[in-house]
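Just so we're clear, the structure is a prediction, and the values are computed from it rather than from any experiment.
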Amino acid sequence: QLQLAESGGGLVQPGKSLRLSCAASGFTLDYYTIGWFRQAPGKEREGVSCISSSGGSTTYADSVKGRFTISRDNAKNTVYLQMNSLKPEDTAAYYCAAGKDGLCSRWNLFSLGYGMNYWGKGTLVTVSS
């Protein structure tokens with residue numbers, strides 16, 4: 001089976017950092033675009049960040065630019081989201097997803113989850129004092 005599993009979520013105070021991991025099983029991530037998405041309570045899911053298969057292209061939502069960094073380690077079959085300077089509005093369930101390459105440069109489509117074929121079950125991030 002082809003699965004993605006997120007980890008690293010939890011409760012953190014504003015201004016603190018958290019690193020999320022997305023590990024693949026049943027397939028390798030080498031040829032896939034990987035995206036991070038989030039869904040806050042009562043709101044629609046939105047794209048957070050995207051990384052191309054090679055890692056050469058990364059994109060971010062305006063709300064997280066300068067604070068979040070996406071990276072990948074294909075040898076470990078894992079993608080990361082480093083989240084710094086967290087704000088209460090970052091509170092959400094965070095999901096990683098995999099799809100064919102070429103989507104990172106088309107943000108509007110990416111943010112909707114277009115072309116993402118595999119999804120993790122999510123990890124909850126709560127930012128509160």
Side-chain angles (χ1 to χ4, degrees):
Q1 64 276 31
L2 309 179
Q3 295 182 340
L4 296 172
E6 305 92 339
S7 62
L11 174 64
V12 297
Q13 295 180 330
K16 299 298 183 180
S17 298
L18 205 60
R19 189 179 75 162
L20 305 183
S21 298
C22 174
S25 61
F27 70 108
T28 59
L29 296 178
D30 300 50
Y31 301 105
Y32 290 88
T33 288
I34 304 297
W36 283 98
F37 300 79
R38 67 185 183 187
Q39 187 167 21
K43 303 186 70 175
E44 294 185 349
R45 187 183 65 204
E46 62 178 347
V48 177
S49 185
C50 183
I51 187 167
S52 63
S53 60
S54 67
S57 177
T58 59
T59 52
Y60 300 90
D62 288 341
S63 59
V64 307
K65 287 181 180 177
R67 299 189 297 120
F68 291 10
T69 302
I70 190 171
S71 63
R72 66 191 301 155
D73 187 341
N74 286 343
K76 295 182 178 180
N77 218 23
T78 302
V79 174
Y80 305 96
L81 185 67
Q82 180 66 44
M83 309 163 66
N84 298 329
S85 302
L86 284 163
K87 304 175 180 179
E89 50 263 45
D90 295 318
T91 296
Y94 283 73
Y95 302 86
C96 67
K100 65 180 181 180
D101 223 351
L103 292 172
C104 293
S105 61
R106 285 163 277 183
W107 183 260
N108 290 340
L109 292 176
F110 164 78
S111 186
L112 294 173
Y114 181 84
M116 294 297 178
N117 303 120
Y118 308 102
W119 291 79
K121 295 181 179 180
T123 185
L124 182 63
V125 173
T126 302
V127 185
S128 177
S129 60

Leu18 versus Leu86: any side-chain heavy-atom pair under 4.5 Å?
yes
Over-ring placement of Arg38 relative to Tyr94, 6.0 Å and 45° cut-offs: no
Arg72 side chain to Ser52 main-chain N or O, any donor-acceptor pair under 3.5 Å? yes
### Query
Between the main-chain N or O of Met116 and the side-chain N or O of Trp119, is there a donor-acceptor pair closer than 3.5 Å?
yes
Side-chain donor-acceptor pair present, Asn84, Ser17, cut-off under 3.5 Å = yes
State plainly whether the residues Lys65 and Asp62 are in salt-bridge range, i.e. N to O under 4.0 Å. yes
What do you reckon, is CD of Glu44 surrounded by more than 12 foreign heavy atoms closer than 6.0 Å?
no
Closest heavy-atom pair, Ala24 versus Leu4, reported as atoms and distance to 0.1 Å, is CB-CD2, 3.7 Å
Notebook entry, point to check: Is any side-chain heavy atom of Ile51 closer than 4.5 Å to a side-chain heavy atom of Tyr32?
Noted result: no
- Compute whether any side-chain donor of one residue and acceptor of the other, for Thr33 and Asp101, lie under 3.5 angstrom apart. yes
Please find out if less than 6.0 Å separates the ring center of Phe37 from that of Phe110. yes
Any side-chain to backbone donor/acceptor pair from Thr59 onto Ser49? Under 3.5 Å, distance only. no
Tested for side chain to side chain contact (heavy atoms under 4.5 Å, CB included) against Val125, the lone hit among Asp90, Thr91, Leu20 is Leu20
